[in-house]
Amino acid sequence: MIEKVNIPEISQKHLHGIKDLTVDDINKILELSNFFKLNNREKDKNYPILKGRTIINLFFEPSTRTLISFEIAAKRLGADVINMNIEGSSLRKGESLQDTANTLGAMNPDLVVIRHGIDNATKQISEILSCPVINAGEGINEHPTQALLDAYTIINNERNLENITVAICGDLEHSRVARSNYYLLKKMKSNVRFVYPEFFKPKDLDKYDVETFTNLEKGITDADIVMMLRIQNERISDMKLPSKESYFEKFGLTYKKLKLAKPDALVLHPGPINRNVEIEDSLADDIDKSVINEQVENGVAVRMACLSIMVK
Ligand code: NCD
C-alpha cells in the first residue's frame with residue numbers, strides 16, 4: 001500500500017477552464033498527479049479517499065477515453081460514480097438543461113463532470129448545482145483536464161515547460177484542446193505556435209499571443225513538442241474540406257516532416273486519431289516518438305488529482 005498524500009487546496013471551486021487557474025494551482029495538480037501515477041502502477045489501485053461520495057458524469061457529447069478515464073479515476077478513489085447517458089435521458093423528451101441540472105442537484109451529488117457541445121454550458125449548470133463541477137470539454141471553449149494531462153506528459157518526459165517550443169497543429173478553429181493548452185502553456189512560459197491550414201484559421205485568433213504558421217513543415221521546425229489535433233468533423237457544417245489524402249499530404253505529420261523538429265521532439269495527440277489523415281499510422285504507434293498512450297495513462301492520474309482536490 002502506497003503512503004498517504006496531502007490533498008492541496010486550489011483557488012477555484014469549479015474547474016471550468018485553465019484560464020481561471022493560477023500557476024500555483026497548476027503546479028499543485030501536476031504534483032499530486034505524480035502521486036496517483038505511482039498509485040496506478042501498484043497492484044492494488046484503490047486509494048479510497050472519496051468513499052461514500054457520489055460523482056455524476058453528465059456527458060452530452062460522445063466520448064470514449066475522457067468518460068472512461070473519469071470513471072476509472074472516481075472508482076479508484078472509492079466514489080460511487082454514475083454515468084448519465086443523454087441518449088436515454090429525459091433531455092430526449094424535451095426537458096431543459098436547467099430542469100435536468102435541478103433534478104440531478106436534488107440527488108445531492110458531490111461533484112458533476114460535464115461534457116457539452118455549447119461554450120459555457122458548465123458555467124450555466126454550475127449556477128444551478130451547489131456542488132463543484134469539472135468541465136470535461138465544452139464546445140470550442142476549453143478542455144482543462146486534457147491540457148493538464150498533456151502538460152503532465154511533457155514534464156514526465158523530462159522536459160521543462162519553461163522556454164520549450166510547442167507547435168499545436170491542425171484544426172485550431174474548432175479545438176477546445178488547443179485553447180486549454182494555449183492558456184496552460186503561456187502561464188508556464190512556453191513558446192506556443194499555432195500551425196493550421198488557412199481553412200482552419202481560428203476566428204478568435206486575435207485573442208492569442210502566438211506565432212502562427214500555415215505551413216506544417218515551417219511550423220514544426222525546431223519544435224520540442226508537436227501536438228497534433230483531430231479534425232472536428234462534428235463541428236464543421238458548411239466548410240469545404242479537402243480530401244483526406246490531400247489533407248494528409250499537406251497537413252498530416254509523417255516521419256519525414258518530423259525530422260524538421262528537434263531530434264528528440266515528442267508527438268502528442270488527444271485522440272481519437274484519424275490515422276493517415278492527421279498523423280502517419282506507424283508514427284502514432286512509435287513509442288520512441290509518440291507519447292499518445294502515455295497521455296491516456298496519465299489522464300487517469302491527473303483526473304484522480306482533480307477529483308480529490310475538487311470534492312470537498
Ligand atoms: C478531445 C475532445 O473531445 O475535445 N478528445 C478527448 O477528450 N480525448 C479531442 C477530440 O475529440 O478531438
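In listed order, ligands and their atoms are each counted from 1. Nothing fancy with the numbering, it's 1 onward along the sequence.
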Query raised in the report: Picking from Thr66, Ile114, Asn83, Ile82, what satisfies side-chain contact (heavy atoms from CB on, under 4.5 Å) with Asn57?
Result: Asn83

Query raised in the report: Between Ser63 and ligand 1, which residue portion shows a heavy-atom distance shorter than 4.0 Å: side chain, backbone, both, or neither?
Result: neither

Query raised in the report: What atoms in ligand 1 come closer than 4.0 Å to a heavy atom of Arg65?
Result: 8 (N)

Query raised in the report: For the side-chain contact (heavy atoms from CB on, under 4.5 Å) test, which of Leu149, Ile10, Val113, Ile134 pairs with Cys306?
Result: Ile134

Report task. Please identify which atoms of ligand 1 are closer than 4.0 Å to at least one heavy atom of Gln146. Result -> 6 (C), 7 (O), 8 (N)

Report summary line: Note: ligand 1 atoms sitting under 4.0 Å from heavy atoms of Pro272 are 11 (O)

Query raised in the report: Quick one: is the NZ or CZ of Arg115 closer than 6.0 Å to the six-membered ring centre of Phe59, and within 45° of its axis?
Result: no

Query - Numbered atoms of ligand 1 (with element) below 4.0 Å of Gln232, judged on heavy atoms - result: 10 (C), 11 (O), 12 (O)

**Report entry** Enumerated ligand 1 atoms positioned under 4.0 Å from heavy atoms of Thr66
**Finding:** 6 (C), 7 (O), 8 (N)

Requested in this report: For atom 3 (O) of ligand 1, find the nearest protein heavy atom and state the residue, atom name and distance (0.1 Å precision).
Outcome: Arg176 NH2, 3.0 Å

Query raised in the report: Between Asn233 and Arg230, what is the shortest heavy-atom contact and its length?
Result: N-NH1, 4.3 Å

Requested in this report: Check each atom of ligand 1 against the heavy atoms of His143 and keep those under 4.0 Å away; list them by number with element.
Outcome: 1 (C), 2 (C), 4 (O), 6 (C), 7 (O)

Query raised in the report: Against heavy atoms of Gly271, which atoms of ligand 1 measure under 4.0 Å?
Result: 1 (C), 5 (N), 6 (C), 8 (N), 9 (C), 10 (C), 11 (O), 12 (O)

Query - Electrostatic pair Asp204-Arg179, nearest N-O below 4.0 angstrom - result: yes

Query raised in the report: For atom 10 (C) of ligand 1, which of Arg230, Glu142, Glu278 has the closest heavy atom?
Result: Arg230

**Report entry** Salt-bridge contact Asp222-Arg193 (side-chain N to carboxylate O under 4.0 Å)
**Finding:** no

**Report entry** Salt-bridge criterion met for Glu71 and Lys75 (N-O under 4.0 Å)
**Finding:** yes

Query raised in the report: Is it true that Pro270 lies under 4.0 Å from ligand 1, counting heavy atoms only?
Result: yes

Report summary line: If we number the atoms of ligand 1 from 1 as shown, the ones under 4.0 Å from a heavy atom of Val177 are 1 (C), 4 (O), 9 (C)

Requested in this report: Could you state whether Leu229 and Val195 fall into the same hydrophobic cluster, counting links through intermediate Ile, Leu, Val, Met, Phe, Trp or Tyr residues with side-chain heavy atoms under 4.5 angstrom apart?
Outcome: yes

